[in-house]
There are 2 protein chains.
Amino acid sequence: MEQKQKSELTKQVILNESFKLFYRNGFKTTSIDKIMKATNLTKGAFYYHYKNKKELGVEVISSKIQKRVYDGMITPLYQDGNALEILEDTFSRRLKSFSLFDKQHGCPMNNFINEIADEEEAYQIALKRIIEEWKAALIHLIERGKKENTINKKYANNAIAIYLISAFEGIRGIRKLYNDDDILDDYILGLQLYIDQLKA
Amino acid sequence: MEQKQKSELTKQVILNESFKLFYRNGFKTTSIDKIMKATNLTKGAFYYHYKNKKELGVEVISSKIQKRVYDGMITPLYQDGNALEILEDTFSRRLKSFSLFDKQHGCPMNNFINEIADEEEAYQIALKRIIEEWKAALIHLIERGKKENTINKKYANNAIAIYLISAFEGIRGIRKLYNDDDILDDYILGLQLYIDQLKA
DNA sequence: CAAAAAACATACTAACTAGTATTTTTTATA
DNA sequence: TATAAAAAATACTAGTTAGTATGTTTTTTG
């Protein structure tokens, strides 16, 4: 294989295994040794490609986690159709579609936010970027809904977007505490109620 | 001093310093050594009073954190007055009243939930107990609001309670990513909008 | 006041940690 | 195909970790 491609592939392997272990066991308790054991490579390979663990953390956030949020929560917002229905569908269907593992381990982004965001500005910046993109996509959709007269114009776009995101991230954490999905059903009802009153 | 009292005092000192360090630096990265350095006691004292770090973690949750949530978010719900006003006041005023430190470090309970809840059932149970108490207090208040005809009877108590809690915990994390309170203002607007439509 | 129990201190272990220094292997290129 | 550069392996360091074993001091109690 060509060298550049192989090098890039190694980085991807490290990123993939890192993401999986961070998600399963948390950032701080996942050591470089454990990651490299999972890749079947050695520490030499790691420190050839990454300066330190912090740099890896930032890259996991800005590539793996960013993509995850993008695919699951942002891209669907750009579909055609009734804006309110898209909102409700995205925020509730996504929740229902999570695997048991994903329900038990919560949102990788939210885990990072609450485990390490207050420790390093680099993490903050990378995580904020995702939230800002998500927020922007929501505002765009809400704006469209207003133009098409399906969303009531009297409510601030920012406020709706942030309240939706907050509640979603909040419930992703709270669900960890339970052994069934009843709490998710409560959330979804609360969400529907919220979206209902945004109607024009 | 009487022995029992002194022993209890030592435990409280350890709990207080533990909570502070867990809140500032996270659970996993706070070692027993660091905690005992902060108390000016030694490891011998720690392992005389606690079986291991896990037992300490559970006790920090079920005493310090429980009390914090109780004082800040639950007790206010039992005040006299218009139920909706109490709801809005509790969820927004509390947010505004946080110190800069508390804004930067988020909610201690939410940090625990997202850092370690999925690792040990004992943590889950202790944390769930707090959420359940909070939820019950909210439901009680909403129920009263319905009886007094200030809250619309058509919405499910559970759903309202969980959506409020979720959004609050969510924004406590997200605020960590920012350097000012704009995002909190967005949240508060979103909250007001939510509460408005609960009116009877 | 002596013995026993409680409370704490000291010294240690074995495992794990991030990161470095050095060597070997693989690949590209002249 | 020889040489250089890239990629990865090996071996190491110095510090940290939870937890233990064994002391010493303090307090209680008979």
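A, B, ... follow the sequence lines: proteins, then strands. Residue 1 opens every chain.
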Take atom CG of Asn52(B) and atom P of dT17(D), then tell me their distance rounded to the nearest Å.
-> 17 Å

From CZ of Phe46(A) across to P of dA6(D) the rounded distance in Å is 20 Å

Determine whether Tyr78(A) and Leu84(A) fall in the same hydrophobic cluster, where Ile, Leu, Val, Met, Phe, Trp and Tyr are linked whenever their side-chain heavy atoms lie under 4.5 Å apart.
-> yes

Measure distances between side-chain N and O atoms of Lys43(A) and base N and O atoms of dA8(D), and say whether any donor-acceptor pair falls under 3.5 Å.
-> no

Closest to the side chain of Ala45(B), out of dA18(D), dA6(C), dA9(C), is dA9(C)

Counting side-chain heavy atoms from C-beta on, which of dA8(D), dG19(D), dA6(C) comes nearest to Thr42(A)?
-> dA8(D)

Rounded distance (Å) that lies between atom P of dG19(D) and atom CE of Met36(B) = 14 Å

Kindly confirm or rule out a cation-pi arrangement of Lys53(B) over Phe27(B), judged by NZ or CZ under 6.0 Å from the six-membered ring centre and within 45° of its axis?
-> yes

Output the residues of residues 22-32 of chain B in contact with DNA chain D, where contact means a heavy atom of the residue under 4.0 Å from an atom of the strand; sort by number or write none.
-> Thr30(B), Ser31(B), Ile32(B)

CA sep, side-chain torsions, deciding dist, call: Tyr163(B), Tyr187(A), ring pair (Phe, Tyr, Trp, His ring centres under 6.0 Å) = CA-CA 5 Å; Tyr163(B) 206 73; Tyr187(A) 163 86; 5.4 Å; yes

Under 4.0 angstrom, heavy atoms only, what part of the nucleic acid is Lys34(B) near: base, sugar-phosphate, or nothing?
-> sugar-phosphate

Please determine, for the side chain of Leu41(B), which listed nucleotide (dC8(C), dG19(D), dT10(D)) has the closest atom?
-> dC8(C)

Looking at residues at least two apart in the chain, or sitting in another chain, which of them share a salt bridge (charged side-chain N to carboxylate O under 4.0 Å, His left out) with Arg129(A)?
-> none

Residue set satisfying side chain to side chain donor-acceptor pair (under 3.5 Å) with Gln66(A), at least two apart, ordered chain then number -> Glu133(A)

Of all the nucleotides listed (dA8(D), dG19(D), dC8(C)), which has the minimum atom distance to the side chain of Tyr47(B)?
-> dG19(D)

Qualifying residue, where the test is side chain to side chain contact (heavy atoms under 4.5 Å, CB included) with Tyr47(A) and the options are His49(A), Lys43(A), Lys51(A) = Lys43(A)

Spacing between Leu9(A) atom CG and dA7(D) atom P, to the nearest angstrom = 12 Å

Does OP1 or OP2 of dA6(C) have a side-chain N or O of His49(B) closer than 4.0 Å?
-> no

State yes or no: do Val13(A) and Val60(A) share one hydrophobic cluster built from I, L, V, M, F, W and Y residues joined by side-chain heavy-atom distances below 4.5 Å, directly or via other members?
-> no

Whole-Å distance separating the OH atom of Tyr48(A) from the P atom of dT22(C) | 18 Å

